[in-house]
K.L.:
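Structure provided below as structure tokens; questions to follow.
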Number of protein chains: 2
Amino acid sequence: MENTQQKIELLMRCIKALTNETSRNPSKYVCYKLSRVMRKVHRYYEGNLSQYGITPSQFYVLSAVWEKDGLKFKELAKSLEMDGSTLTSILDRLERLELVERRNDPEDRRSLLVFLTEQAKQQISEMAHLAEKLDQEIKERFTEEEFATFERVLEKLSLD
Amino acid sequence: MENTQQKIELLMRCIKALTNETSRNPSKYVCYKLSRVMRKVHRYYEGNLSQYGITPSQFYVLSAVWEKDGLKFKELAKSLEMDGSTLTSILDRLERLELVERRNDPEDRRSLLVFLTEQAKQQISEMAHLAEKLDQEIKERFTEEEFATFERVLEKLSLD
DNA sequence: ATAAATTTATTGGTGCACAAACAATTGAGG
DNA sequence: CCTCAATTGTTTGTGCACCAATAAATTTAT
């Protein structure tokens with residue numbers, strides 16, 4: 001009887017530990033989990049993209065410009081949900097790498113338009129291919145349904 | 001007949017757009033989705049934790065020290081999977097805020113031990129309570145099974 | 001038409017995140 | 001011992017990410 005009681009207590013402690021209900025460890029927080037995983041995946045992309053001399057964030061910007069060449073700075077920032085000042089600094093680096101070009105908007109002198117350089121146009125599809133491969137590697141580790149749920153939750157969280 | 005053909009083409013384009021198979025938009029990449037959501041959730045935590053004058057990362061460090069007071073710098077960095085130099089700068093700020101204290105390790109003069117201050121001990125449980133509330137708000141938006149799958153995928157990604 | 005409000009991109013400042021170089025200390029092998 | 005290798009934490013440098021303040025241009029209101 002006592003033995004049973006002890007077993008029950010042990011099991012309850014296990015459950016609490018597993019569900020992190022009373023733990024003080026930060027790994028119980030959604031935000032912490034997200035940032036940890038994001039950093040890990042980011043480093044993985046980073047290590048692979050480094051052969052092109054660019055970072056993941058720079059790659060996202062290039063992809064967005066690739067999708068719509070010559071779009072406005074403002075639209076670019078909006079589509080990437082990125083603060084304008086962050087985009088400014090990324091464009092500075094991409095321009096120094098001669099992958100991107102800023103041109104004046106003939107219709108609004110406050111605004112500016114962003115274009116890929118010829119060099120970037122030649123490289124970007126190869127970069128995208130690499131990124132897709134990395135994605136595939138990640139997805140392979142899960143069932144389709146599992147990963148679909150994962151992405152659905154991400155999608156829902158990115159709204160609001 | 002032609003009409004049917006057109007419909008099929010339209011539907012196929014829809015499916016491609018939905019599955020992002022051929023899209024150049026960066027939002028198709030797992031890494032991009034992760035970082036976007038992470039930033040969003042991070043900002044949400046940040047806005048709430050700001051009443052205590054700390055950032056999410058600082059909160060994670062405080063929580064980890066709260067869990068095990070006086071642990072070694074090295075162990076702390078390892079448990080948070082955080083680069084040593086990052087932890088150094090966070091501890092600098094937490095020490096300036098008088099929430100944390102660095103002490104020499106009597107057993108190894110290279111090593112140092114990290115402690116919460118009295119002030120931090122008084123505040124940390126309230127902070128943790130807030131963070132749990134924020135987590136709860138996020139989880140409420142999904143079914144239990146959905147979120148469990150989400151966390152399981154995160155967990156699996158954070159390994160290896 | 002002109003002053004005021006709004007929009008657009010940049011700058012400056014803070015706080016991560018990480019790699020590389022470094023100084024101090026400890027451990028191991030000769 | 002004593003040198004050489006390994007470990008520990010900090011510093012330095014780069015790249016985001018975001019806020020607040022700014023300057024230039026445009027729009028609105030009067």
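In what follows, chains carry the letters A, B, and so on, assigned in the order in which the sequence lines appear, proteins first and then strands, with residues in each chain numbered from 1. For clarity, every value in this text was computed on a predicted model and none was experimentally measured.
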K.L.:
Can you label the angle between the A:Tyr29 ring and the B:Phe59 ring as parallel, tilted or perpendicular, going by 30° and 60°?
P.N.:
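Tilted.
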K.L.:
Which residue, A:Pro56 or B:Ser111, contacts DNA chain D at a nucleotide closer to its 5' end, judged by nearest heavy atom?
P.N.:
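Nearest nucleotide further toward 5': that of B:Ser111.
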K.L.:
Starting at CG of A:Asp105 and ending at P of C:dA9, how long is that distance when rounded to a whole Å?
P.N.:
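After rounding, the gap between these two atoms is 8 Å.
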K.L.:
Looking at residues 78-99 of chain B, who's got a heavy atom less than 4.0 Å off DNA chain D?
P.N.:
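Within residues 78-99 of chain B, the residues near DNA chain D are B:Gly84, B:Ser85, B:Thr88.
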K.L.:
Here's a test of your reading of the structure: between A:Asp108 and A:Ser35, which maps to the more 5' nucleotide of DNA chain C?
P.N.:
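Whichever sits nearer the 5' end wins; that is A:Asp108.
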K.L.:
Look at B:Arg24 together with A:Asp69 and state whether they make a salt bridge at an N to O cut-off of under 4.0 Å.
P.N.:
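Judged by the 4.0 Å cut-off on N to carboxylate O distance, B:Arg24 and A:Asp69 do not form a salt bridge.
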K.L.:
So, OP1 or OP2 of C:dC16: does either fall under 4.0 Å of a side-chain N or O from B:Arg43?
P.N.:
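Indeed not, no polar side-chain atom of B:Arg43 lies that close.
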K.L.:
Scan B:Gln58 against the nucleic acid and name what it touches under 4.0 Å (heavy atoms): base, sugar-phosphate only, or nothing.
P.N.:
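If one applies the 4.0 Å heavy-atom cut-off, B:Gln58 turns out to touch the sugar-phosphate alone, with no base involved.
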K.L.:
May I ask you to verify if any side-chain N or O of A:Arg110 is less than 4.0 angstrom from the OP1 or OP2 atom of D:dT27?
P.N.:
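Checking D:dT27 against A:Arg110, no side-chain N or O comes under 4.0 Å of OP1 or OP2.
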K.L.:
Nearest whole angstrom, please: distance from the C1' of C:dC16 to the CD1 of B:Ile54.
P.N.:
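Going from B:Ile54 (CD1) to C:dC16 (C1'), I get 14 Å.
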K.L.:
Round to a whole Å and report the spacing from CD of A:Glu46 to P of D:dC16.
P.N.:
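Between P of D:dC16 and CD of A:Glu46: 9 Å.
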K.L.:
With heavy atoms under 4.0 Å as the rule, sort A:Arg36 into base, sugar-phosphate or nothing.
P.N.:
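No contact.
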K.L.:
I'd like to know if A:Glu81 pairs up with B:Lys40 as an ion pair, taking the criterion as any Lys NZ or Arg NE/NH1/NH2 lying under 4.0 Å from an Asp or Glu carboxylate oxygen.
P.N.:
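Yes, charged N to carboxylate O under 4.0 Å.
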K.L.:
Assess whether a salt bridge exists between A:Arg43 and A:Glu46, defined as any Lys/Arg side-chain N lying under 4.0 Å from an Asp/Glu carboxylate O.
P.N.:
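Looking at A:Arg43 and A:Glu46, the cut-off is not met.
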K.L.:
Could you tell me whether A:Glu98 and A:Arg96 have a side-chain N and a carboxylate O separated by less than 4.0 Å?
P.N.:
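The answer is no: the pair does not qualify as a salt bridge.
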K.L.:
Is it true that atom CD of B:Glu126 has more than 12 heavy atoms of other residues, nucleotides or ligands lying nearer than 6.0 Å?
P.N.:
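Counting other residues, nucleotides and ligands, CD of B:Glu126 stays at 12 neighbours or fewer.
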K.L.:
Please give, in whole Å, the distance from C:dA17 C1' to A:Lys40 NZ?
P.N.:
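Taking atom C1' of C:dA17 as the reference, NZ of A:Lys40 is at 14 Å.
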K.L.:
Nearest whole angstrom, please: distance from the C1' of D:dT7 to the CD of B:Glu75.
P.N.:
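From B:Glu75 CD to D:dT7 C1': 14 Å.
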K.L.:
Could you check which of D:dG9, D:dA17, C:dT6 has an atom nearest any side-chain atom of A:Ser57?
P.N.:
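Per side-chain heavy atoms of A:Ser57, the pick is D:dA17.
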K.L.:
What is the distance, rounded to the nearest whole Å, between atom CZ of A:Phe59 and atom P of D:dG15?
P.N.:
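Rounding to the nearest Å, CZ of A:Phe59 and P of D:dG15 are 19 Å apart.
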K.L.:
Using 4.0 Å as the upper bound for N to carboxylate O, is an ion pair formed by B:Glu101 and B:Arg103?
P.N.:
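Yes, B:Arg103 and B:Glu101 are salt-bridged.
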K.L.:
When you get a sec, tell me which of C:dA17, D:dG15, C:dT25 is the closest nucleotide to the side chain of A:Arg39?
P.N.:
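Looking only at heavy atoms from C-beta outward on A:Arg39, the closest nucleotide is C:dA17.
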K.L.:
Between atom NZ in A:Lys74 and atom C1' in C:dT6, what is the gap in whole Å?
P.N.:
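In whole Å, C:dT6 C1' lies 11 Å from A:Lys74 NZ.
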K.L.:
How long is the line joining CZ of A:Arg109 and P of D:dT27, in whole Å?
P.N.:
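Going from A:Arg109 (CZ) to D:dT27 (P), I get 12 Å.
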